[in-house]
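Here the structure is a predicted model, which means the values were calculated and not measured. Below, chains carry the letters A, B, ... as their sequence lines are ordered, and counting in each starts from 1. The figures that follow rest on heavy atoms only: side chains count, while hydrogens, waters and symmetry mates do not.
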There are 2 protein chains.
Amino acid sequence: MQPFDTRTAILDVSARLYADLGYSAVSMRDVAGVVGVTSANLYHHFKGKDELIREALAHVFTQKTAPLAELLERPDVTGERLEAFVDHFVRLLVEDRVFFRLLVRELVDGDGVRLRDLVQSVLEYPFRLVVGLTDPQQPEGERVLMAVSILGIILGHVQLAVLLPYLPGGQPEHADSSVITRHVSAVLRRVLDGTAESI
Amino acid sequence: MQPFDTRTAILDVSARLYADLGYSAVSMRDVAGVVGVTSANLYHHFKGKDELIREALAHVFTQKTAPLAELLERPDVTGERLEAFVDHFVRLLVEDRVFFRLLVRELVDGDGVRLRDLVQSVLEYPFRLVVGLTDPQQPEGERVLMAVSILGIILGHVQLAVLLPYLPGGQPEHADSSVITRHVSAVLRRVLDGTAESI
DNA sequence: GTCTATATTCCGATAGAC
DNA sequence: GTCTATCGGAATATAGAC
């Protein structure tokens with residue numbers, strides 16, 4: 001642990017550039033240039049480009065998922081765990097552009113191994129919570145589908161937000177995390193209350 | 001118009017490779033090799049890589065959106081226009097892997113100009129329909145947010161489907177278009193009926 | 001309209017000095 | 001741990017013959 005850890009700096013820069021440009025468009029020279037070292041130095045810290053990007057992904061995902069897990073481990077005393085989860089997840093996706101873009105990129109480009117890693121490091125925990133919010137009297141398959149719908153509506157909402165300036169009636173304010181959180185919470189509460197008292 | 005139009009073949013191959021690999025990972029040599037011509041030939045039909053990919057996108061989007069527009073222009077006599085729309089849109093995203101991946105890639109990588117093109121060629125029409133399905137007594141902003149939620153839940157559901165094999169309780173059958181259509185239709189019907197009789 | 005051949009730049013990766 | 005120097009190959013793009 002040094003005051004300025006070169007390896008960590010490389011991981012941070014790699015994650016940001018990969019999130020913005022994608023795997024093939026970010027070169028080892030680019031990363032090195034932003035960090036302020038030579039590209040040869042990158043090969044001292046990492047075996048190659050594949051390993052660098054893979055570790056950068058794990059670096060960001062483990063970093064950003066910890067607070068979410070902490071939230072989910074708190075007991076639900078107010079019955080507003082759904083709102084708290086939506087608020088936190090929307091805020092994470094809207095306000096952390098790097099995290100959001102890494103997530104979407106993995107969903108579209110990830111192979112089987114990387115998708116399983118993504119689930120285990122980021123999505124499995126919130127997924128279990130959301131399944132727990134669905135009607136326990138429904139069969140397992142229905143509850144899984146409902147959980148996917150809930151996570152999907154949040155992801156889709158954030159993803160479509162970039163189109164709002166070009167959609168008829170769309171205002172950029174509709175992409176604010178507070179607006180999205182309020183709206184999605186209301187929709188989900190209506191859906192969940194229609195099936196069971198799940199709080 | 002020739003029996004085998006080289007230009008059209010180039011556009012089809014470009015769209016497929018770009019959908020699978022992304023902009024930087026698909027080379028002019030790759031496209032030419034699959035089509036069965038030389039890369040120099042591509043520069044006779046298109047000014048460069050940028051123009052090729054841009055025209056390939058427009059080629060696919062205008063092609064695949066026509067049936068959707070046709071559906072939306074039919075009068076809603078049975079009151080099941082929502083179900084018909086969900087069915088068609090889910091089927092399009094699930095069964096046409098090229099279209100789906102192009103759409104997601106544009107959402108994550110597109111700049112202002114390309115996003116506006118995407119809206120005008122693909123999303124504006126279904127968006128107007130979905131706005132029409134929401135409660136007319138709600139203010140415009142609320143109806144827009146609801147429409148984004150409806151499109152978003154479909155997009156998010158299809159997008160998260162790749163994770164189902166790795167999620168607890170997830171079954172690959174949950175990614176079938178018929179299963180997604182039935183589930184999403186039921187959820188949306190519940191949400192929309194909670195606000196107004198919109199049929 | 002399609003080809004061969006090539007110019008130029010950039011890429012990932014390595015060797016070896018310090 | 002960081003550097004200079006460089007290799008071999010692949011990228012976009014062009015010139016010009018057929």
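Nearest to the side-chain atoms of His45(B) among the listed nucleotides dC11(C), dT2(C), dG12(C) stands dT2(C). Closest contact between the side chain of Ala40(B) and the listed nucleotides dT2(D), dT14(D), dG12(C) involves dT14(D).
Taking only side-chain nitrogens and oxygens, Thr6(A) comes nearer than 4.0 Å to OP1 or OP2 of dT2(D). Look at Thr38(A) and you won't find any side-chain N or O under 4.0 angstrom from OP1 or OP2 of dT2(D). For the OP1/OP2 pair of dC3(C) and a distance below 4.0 Å, the side-chain nitrogens and oxygens of His44(B) include no atom meeting the criterion. Phosphate proximity of dA13(C) to Tyr43(A): present, with a side-chain N or O under 4.0 Å from OP1 or OP2. A sub-4.0 Å separation between OP1 or OP2 of dC3(D) and a side-chain N or O of Asn41(A) is present.
Thr38(B) and Asn41(B) are not linked by any side-chain donor-acceptor pair at a separation below 3.5 angstrom, with hydrogens and angles left out of the test.
Mapping Asp50(B) and Ser39(A) onto DNA chain D by nearest heavy atom places Ser39(A) closer to the 5' end of the strand.
Note: His183(A) and His157(A) meet the aromatic proximity criterion, with ring centroids under 6.0 Å apart.
Using a 4.0 Å heavy-atom distance criterion, Val26(A) is classed as a sugar-phosphate-only contact. Nucleic acid contact class of Ser27(B) (heavy atoms, under 4.0 Å, all strands): sugar-phosphate only.
A salt bridge links Asp20(B) with Arg97(B): the closest approach of a Lys/Arg side-chain nitrogen to an acidic carboxylate oxygen falls below 4.0 angstrom. A salt bridge is defined here as a Lys NZ or Arg NE, NH1 or NH2 lying under 4.0 Å from an Asp or Glu carboxylate O, and Asp12(A) with Arg16(A) fails to meet this definition.
The nearest whole Å value for the distance from the CG atom in Leu17(A) to the P atom in dG12(C) is 12 Å. The distance between atom CE of Met28(B) and atom P of dC3(C), rounded to the nearest whole Å, is 14 Å. Between the P atom of dA13(D) and the NZ atom of Lys49(B) lies a distance of 8 Å, rounded to the nearest Å. As rounded to whole Å, 15 Å separates atom C1' of dC11(C) from atom CG of Leu52(A). Following rounding to the nearest Å, Leu42(B) (CG) and dC3(C) (P) show an atom-to-atom distance of 10 Å. In this structure, Tyr23(A) atom OH and dA11(D) atom C1' are separated by 16 Å, rounded to whole Å. Distance Asp30(B) CG to dA10(D) P: 11 Å, rounded to the nearest Å. A straight line from CZ of Arg29(A) to C1' of dA11(D) spans 13 Å, rounded to a whole angstrom.
Seen from the ring of Tyr23(A), Lys49(A) counts as a face-on cation partner, given the 6.0 Å and 45° thresholds.
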